[in-house]
Protein chains: 2
Amino acid sequence: MVATTKDSKGDVRQLLQGAGLRPTRQRVALAGMLFLEEDRHIAAEDLHRQAVENGVPVSLATVYNTLHQFTEAGLLRILAVEGQRTYFDTNTSDHHHYYMEESNTVMDVPTGSVTVENLPAPPEGMEIANVDIVIRLRKKRSGK
Amino acid sequence: MVATTKDSKGDVRQLLQGAGLRPTRQRVALAGMLFLEEDRHIAAEDLHRQAVENGVPVSLATVYNTLHQFTEAGLLRILAVEGQRTYFDTNTSDHHHYYMEESNTVMDVPTGSVTVENLPAPPEGMEIANVDIVIRLRKKRSGK
DNA sequence: CTGTGTGCAAACTCTTTGCATAAGT
DNA sequence: ACTTATGCAAAGAGTTTGCACACAG
């Protein structure tokens, strides 16, 4: 193994190499921000801002490229929430989401807490790729 | 309550007036295309193209304005599907969708055929605005 | 008539792309 | 060295906006 300052950093490099991606500075840094923390739902601009704040010089175009490369490698998943922004989800397993319009925020619904029943058979010749559930939340208004 | 399939043109005018919208030519024409047919899932550009093909001169900006006005009036609903396009759904009742990436098409899931169980309580101070389920479909591969 | 709606084009946001330069192996 | 990734800026898609003119009531 390579002697690096942190185990986790080495793991990130392996993750990238396993996906056939060169572990460049930018990719290692972005992968670190994405995968060493809790599950995240993030748009390209947010990740770019965070990278710059963390002293990682990376261009927005590279962030977009990288996010798509990670998605193709199966490390990320694209989230379907309304609006023009594309959110990427670091949790690629089967789970669902809360979406808050006011704050433009996405949160995981605790795993296993929603079940879908009576899924109908899909149309002829098609199969279900996945099921996404978005629970849209609003501020509770008591006496407006 | 949405009167569905077979309204007359007069009903469309009433629909608009009931929503506080002047029944202008463009709005009557667009409403006709939207509400006199089966439930539709349509993007602004598609509706605009259809209008022009039908000999209704309307600008794209007006189509956008109108779609948003209809949405505010509760006649339409915005669909959350991935991608940068905004789809409007003429069926505002509780139902869910198939989405086919290959053809960029949205279809209704037959009403009542999906039930969601165990919906978790939303976070403090929030309430559920609605629940959207998108069932993503892909072509079945024979060897499965 | 009076006020609202429409059309046009420009502005805006998010995302992608082309090409020269920089970095990784 | 040789190849692939990055950065920049410009282009692209989709959507919104401002303002003069047109139309509905």
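Below, read A as the first sequence line, B as the second, and so on, with proteins coming before strands; counting in each chain starts at 1.
With B/T62 contributing its side chain and B/V58 its backbone, the two residues share no donor-acceptor pair below 3.5 Å.
Salt-bridge formation is not detected for the pair A/R40/A/D108: no Lys NZ or Arg NE/NH1/NH2 atom is positioned less than 4.0 Å from an Asp or Glu carboxylate oxygen.
In this structure, B/H68 and B/T24 both approach DNA chain D, and ranking their closest nucleotides by distance from the 5' end singles out B/H68.
Residues passing the side-chain contact (heavy atoms from CB on, under 4.5 Å) test with B/R22, sequence neighbours excluded: B/T24, B/R27.
Closest to the side chain of B/T66, out of C/dT6, C/dA9, C/dT16, is C/dT6. Residue B/T62 places its side chain closer to C/dG7 than to any other of C/dG7, C/dG5, C/dG24.
Mapping heavy-atom proximity under 4.0 Å, the span of DNA chain D touched by chain B runs 5' to 3' from D/dG14 to D/dG25.
For the pair A/L67 CG and C/dT17 P, the computed distance is 15 Å after rounding to whole Å. Atom C1' of nucleotide C/dG7 and atom CG of B/N65 are separated by 10 Å, given to the nearest angstrom. The distance between atom CD of A/Q84 and atom C1' of C/dA11, rounded to the nearest whole Å, is 15 Å.
OP1 or OP2 of C/dT15 lies within a sub-4.0 Å distance of a side-chain N or O belonging to A/Y64. In terms of phosphate contacts, B/Q26 brings a side-chain nitrogen or oxygen within less than 4.0 Å of OP1 or OP2 of C/dG7.
The number of heavy atoms from other shown groups lying within 6.0 Å of CD (A/E37) is above 12.
The two residues A/A19 and A/A73 have their closest heavy-atom pair at CB-CB, 3.7 Å. Considering all non-hydrogen atoms of both residues, A/V131 and A/H96 come closest at O-CE1, 3.2 Å.
Of the residues in residues 43-60 of chain B, B/P57, B/V58, B/S59 come within less than 4.0 Å of DNA chain C through at least one heavy atom, sorted by number.
Using bins of under 30°, 30° to 60° and over 60° for the plane-to-plane angle, the ring pair B/H68/B/F88 lands in the perpendicular bin. Under the 30°/60° scheme for interplanar angles, the aromatic rings of B/H41 and B/H97 are found to stand perpendicular.
Among the heavy atoms of the strands lying under 4.0 Å from A/R85 are primed sugar atoms or P, OP1, OP2 only; no base atom is included.
Under a hydrophobic clustering in which Ile, Leu, Val, Met, Phe, Trp and Tyr are joined whenever their side-chain heavy atoms come within less than 4.5 Å, directly or via other members, A/I42 and A/F70 fall into the same cluster.
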